Enquirer: 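Shown below is the structure under consideration.
None of the values given here were measured: they were computed from a predicted structure. Positions are given from 1 along the sequence.
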Amino acid sequence: MNPLGRALLVATRELFAERAQPDGLAAALTFTGMLVLLESLAFGPGRAKAPDVASGVYWIAVLFAAVLVSARSFDRDLEDDAIDGVIALPGGRDALYAGKVLALGAILLIVAAAAGAFSIFLLDLDIALGGHLVIVAFLGVIALPPVVVLTSVIALRVRARVAVVPILSFPMLVPQLVAASQGTAAALTGDGPAALAWAGLLAAFTFVYGVLGLTIVPAAIE
């Protein structure tokens with residue numbers, strides 16, 4: 001089986017496992033929804049719908065959701081020792097990383113879409129450039145898994161993994177958070193060139209950390 005086939009196999013397994021035990025997805029959806037609701041209450045209706053505030057809180061919620069879903073995925077693998085079986089396969093380390101990145105990305109797209117729809121409805125957001133918003137949101141979501149999965153693998157055998165993963169991943173994800181928030185705000189206000197510029201930065205960020213993850217993970221799992 002080629003590397004892509006192995007990665008897709010791991011991703012499919014992850015998605016079926018999440019479907020059987022959707023506690024990670026449920027926790028992520030609940031968290032993002034509650035954070036958007038609390039934002040509207042804390043800032044008030046007028047300030048909460050400001051593009052910079054709404055986009056910033058939204059991406060912080062999605063970022064935390066990524067950590068929640070990834071943590072549950074690795075916990076599930078460690079509970080039944082399934083991760084050792086994947087690692088033992090030829091090319092298993094790369095397949096583990098790539099497969100989990102693909103699966104986490106698919107789950108986060110669901111979470112981000114639900115949280116975005118809830119934000120638009122609850123905050124009554126005005127969207128000037130819907131197409132640009134979709135592009136920025138998509139690239140912002142897929143920029144998260146390469147970093148979150150990488151730090152989860154690095155902290156795989158650490159007892160305090162729940163605390164270590166955010167400590168490692170959040171500083172690395174500052175460029176993603178800034179680019180996604182600014183790009184979303186630009187799309188909401190109608191600044192198309194700025195939105196596309198931030199989207200390009202998100203694409204470059206995803207590529208760099210994707211390659212870095214495939215390079216580091218095999219050694220990190222040793």
Side-chain angles (χ1 to χ4, degrees), residues 11 14-15 18-19 22-40 48-73 99-152 165-166 169-170 172-189 195-196 198-207 209-210:
E14 289 291 322
L15 294 175
E18 188 63 42
R19 180 181 178 184
D23 45 338
L25 176 61
L29 288 171
T30 302
F31 178 83
T32 53
M34 289 301 298
L35 191 56
V36 172
L37 178 61
L38 290 174
E39 174 207 5
S40 66
K49 68 178 299 182
D52 56 341
V53 175
S55 60
V57 174
Y58 170 80
W59 283 108
I60 290 173
V62 175
L63 171 57
F64 274 93
V67 174
L68 286 173
V69 175
S70 179
R72 181 54 190 139
S73 172
K100 283 190 174 290
V101 166
L102 292 174
L104 179 58
I107 294 170
L108 284 182
L109 286 173
I110 298 174
V111 175
F118 185 61
S119 298
I120 293 170
F121 172 76
L122 182 65
L123 302 177
D124 191 25
L125 296 176
D126 297 321
I127 303 174
L129 298 172
H132 291 68
L133 181 62
V134 171
I135 293 172
V136 171
F138 176 78
L139 292 174
V141 168
I142 65 172
L144 292 171
V147 174
V148 176
V149 175
L150 173 61
T151 54
S152 297
V165 171
S169 59
F170 287 177
M172 297 167 64
L173 285 168
V174 168
Q176 183 276 344
L177 183 62
V178 172
S181 299
Q182 293 297 321
T184 301
L188 291 175
T189 56
L196 293 178
W198 288 114
L201 182 60
L202 288 169
F205 180 91
T206 305
F207 176 78
Y209 274 100

Enquirer: Are Pro175 and Val178 packed together at the side-chain level, in the sense that at least one heavy-atom pair is separated by less than 4.5 angstrom?
Expert: no
Enquirer: Report yes if some heavy atom in the side chain of Val111 is under 4.5 Å from a heavy atom in the side chain of Val141; otherwise report no.
Expert: no
Enquirer: Hey, which of Ser70, Ser73, Pro146 is the one that makes side-chain contact (heavy atoms from CB on, under 4.5 Å) with Lys100?
Expert: Ser73
Enquirer: Rounded to the nearest 0.5 Å, how far does CG of Leu108 lie from CG of Leu25?
Expert: 9.5 Å
Enquirer: Can you find a pair of side-chain heavy atoms, one from Thr32 and one from Phe118, that are under 4.5 Å apart?
Expert: no
Enquirer: So which heavy atom on Gln176 is nearest to which on Ala143, and how close?
Expert: CG-CB, 3.7 Å
Enquirer: Taking the side chain as everything from C-beta on, heavy atoms only, tell me whether Trp198 gets closer than 4.5 Å to Leu139.
Expert: no
Enquirer: Kindly give the heavy-atom pair with the smallest separation between Tyr209 and Met172, and that separation in Å.
Expert: CE2-CE, 3.2 Å
Enquirer: If you measure from CG on Leu177 to CD on Gln182, what distance do you get to the nearest 0.5 Å?
Expert: 9.5 Å
Enquirer: Do the ring planes of Phe64 and Phe31 sit parallel (below 30°), tilted (30 to 60°) or perpendicular (above 60°)?
Expert: tilted
Enquirer: Heavy-atom count around Phe170 CZ within 6.0 Å, excluding the residue itself: above 12?
Expert: yes
Enquirer: Any non-hydrogen side-chain atom of Leu15 less than 4.5 Å from a side-chain atom of Ile107?
Expert: yes
Enquirer: Which atom names give the shortest non-hydrogen contact between Lys49 and Leu123, and what distance separates them?
Expert: CB-O, 3.4 Å
Enquirer: As an exercise, state the distance from CD1 of Ile60 to OG of Ser181, rounded to the nearest 0.5 Å.
Expert: 7.0 Å
Enquirer: If you look at every heavy atom in Gly183 and Val136, which pair is closest and at what distance?
Expert: C-CG1, 3.7 Å
Enquirer: What are the two closest heavy atoms between Ser40 and Leu122, and how far apart are they?
Expert: OG-CD2, 3.7 Å
